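Beneath this line is the structure, given in structure tokens, with notes to follow.
This one's a predicted model, so the numbers in the text were calculated from it and none came from an experiment. Just so it is clear: chains get the letters A, B, ... in the order the sequence lines come, proteins before strands, and each one is counted from 1.
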Amino acid sequence: MKDIFHGLISSDSIFKNKEVLRPSYVPDILPHREKQIRELASILAPALKGETPSNVFIYGKTGTGKTAVAKFIGKKLMEKGKELGVNTNFVYINCEIVDTQYRVLQNVANHFIKVWEERVPFTGWPTDEVYSRLIQAIDRTKGVAVIVLDEVDKLKGDEVLYNLSRLNYDLNHARTSIIGISNDLKFTEFLDPRVKSSLGQENMVFPPYSADELCDILGERAKHAFKEGVVEDNVIPLCAALAAQEHGDARRALDLLRVSAEIAERNGEKKVTERHVRMAENKIELDRLKEVVKTLPIQSKAVLMAVIIGEKYYDGLTTGEVYNIYRDICKIGGINILTQRRVADLISELDMLGIINARVVSKGRYGRTREIEISAPMKIKEVLEKDESIPDLSNYKPPLQSRLL
DNA sequence: CCTCCACCGGAACTTACGGAGT
DNA sequence: ACTCCGTAAGTTCCGGTGGAGG
């Protein structure tokens, strides 16, 4: 027992630097994004000459390098600014985490206010007070500020955008540029026209990566992440091909590669092979499933549990049968009972999430209903049984029906 | 060909709740 | 502290329907 960690730590790892494979890592080289980098740079360049740069909107699906390019540019801009003696600031905000008007303004403002000065508190100030502090703070820099709003569609209300977009009108000595990043192409359609025109001065679309491009990206990262010769030749093309099937998501490709290598390492193997990639594919899918199930609302969990139980007792499980079992589960667990109409919707939602398969079939005289199937019932059952909101059902038997098996 | 089951699925309505304004 | 929206979740009501069995 003394050495339980031996072989887990000291085993000569196949990784050189695993961090490189994490999605948050910003590499020095971004293959196949040279065009976008140049374009964004040319939009922001006037800033270094003391002119006002345009605001930019960046679209693109997940894992197309939007965030990486934005952060990369930010880094380069800071470097160039220092070189030219221009005061440049780069603020990155993820609107999925910082999602209200007040907190965005607070975050941006505090970026410009030194730690020892009076910072904007988490709560308490009127919003316009925060705004005027922000103006003061930015103006004082007499330089250029680039503010990146990642996942900007997650923002609650478009007033922040309006306020930020008119920053330049209120500034006397400094200049700002807002970069909005979104994976929803239709996002601006629902925006206030004033915001739309001032923020959408420039638009950029990041296309998905092709399999070949993903190969280059993975290859580039693998050079830094792994030791020499531990990854077999066909591994990277396979990861790239699998990710390209989805929608050219680089994040997914990197995850595949990383998880494959982790599996190989844990098995104490010296090389990452195609087999590990297949295992990784399964593991990622299963992890996703487990995560989705875990974060489901209680009602959906109860419905899902009913499906798992019903699937064992009935052949061609129908909505009505699921509903009966669901009602019993709710009674046992003291959960609110919803109407069948609502439960039918929950079943559709579970179907959308890919946890179950529900298709409408007609059984003639015996009505028209959904036939419900479930993938990986045992794994999902495991997750649900650990859930304290779902009661213990080990002694439960579904109601007897004529077509009970 | 007609009937009629057991649901589907649209629509309008009711709570419930959180943020914004005052 | 209070009111006033906007949104999400859920309910009520109901017309619609594919096809086995008569």
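Between the P atom of C:dC14 and the CD atom of A:Gln340 lies a distance of 17 Å, rounded to the nearest Å. Between A:Tyr323 atom OH and B:dC8 atom P there is a gap of 12 Å when expressed in whole angstrom units.
Ring centers of A:Phe206 and A:Tyr59: at least 6.0 Å apart, outside the cut-off.
Residue A:Asn172 qualifies as enclosed at atom CG: its count of foreign heavy atoms under 6.0 Å is above 12. Summarising the local packing, NZ of A:Lys61 is surrounded by 12 or fewer heavy atoms from other residues, nucleotides or ligands at distances under 6.0 Å. For CD1 of A:Ile332, the number of neighbouring non-hydrogen atoms (other residues, nucleotides, ligands) closer than 6.0 Å is greater than 12. Atom NZ of A:Lys16 has more than 12 heavy atoms from other residues, nucleotides or ligands within 6.0 Å.
Using a cut-off of 4.0 Å between Lys/Arg side-chain N and Asp/Glu carboxylate O, A:Glu79 and A:Lys75 are scored as not salt-bridged. Salt bridge annotation for A:Glu291-A:Arg288: absent, with no cationic side-chain nitrogen under 4.0 angstrom from a carboxylate oxygen. Between A:Arg275 and A:Glu269 there is a salt bridge, since a side-chain N of the basic residue sits under 4.0 Å from a carboxylate O of the acidic one. Ionic pairing of A:Asp255 and A:Arg252 is not present here: no N-O contact between side-chain nitrogen and carboxylate oxygen is shorter than 4.0 angstrom. A salt bridge between A:Lys379 and A:Glu382 is absent, with no side-chain N of the basic residue lying under 4.0 Å from a carboxylate O of the acidic one.
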Nucleotide-resolved protein contact map, nucleotides 16-22 of chain B, B/S/- at heavy-atom distance under 4.0 Å: -----S-
Heavy-atom protein contacts under 4.0 Å, nucleotides 17-22 of chain C, coded B base, S sugar-phosphate only, - none: BBBB--
Give me, pair by pair, the N or O atoms of the protein and of nucleotides 8-13 of chain C that are less than 3.5 Å apart, along with how far apart they are.
| residue | atom | partner | partner atom | Å |
| --- | --- | --- | --- | --- |
| C:dG10 | OP2 | A:Arg342 | NE | 3.0 |
| C:dG10 | OP2 | A:Arg342 | NH2 | 2.8 |
| C:dT11 | OP2 | A:Thr339 | N | 3.1 |
| C:dT11 | OP2 | A:Thr339 | OG1 | 3.1 |

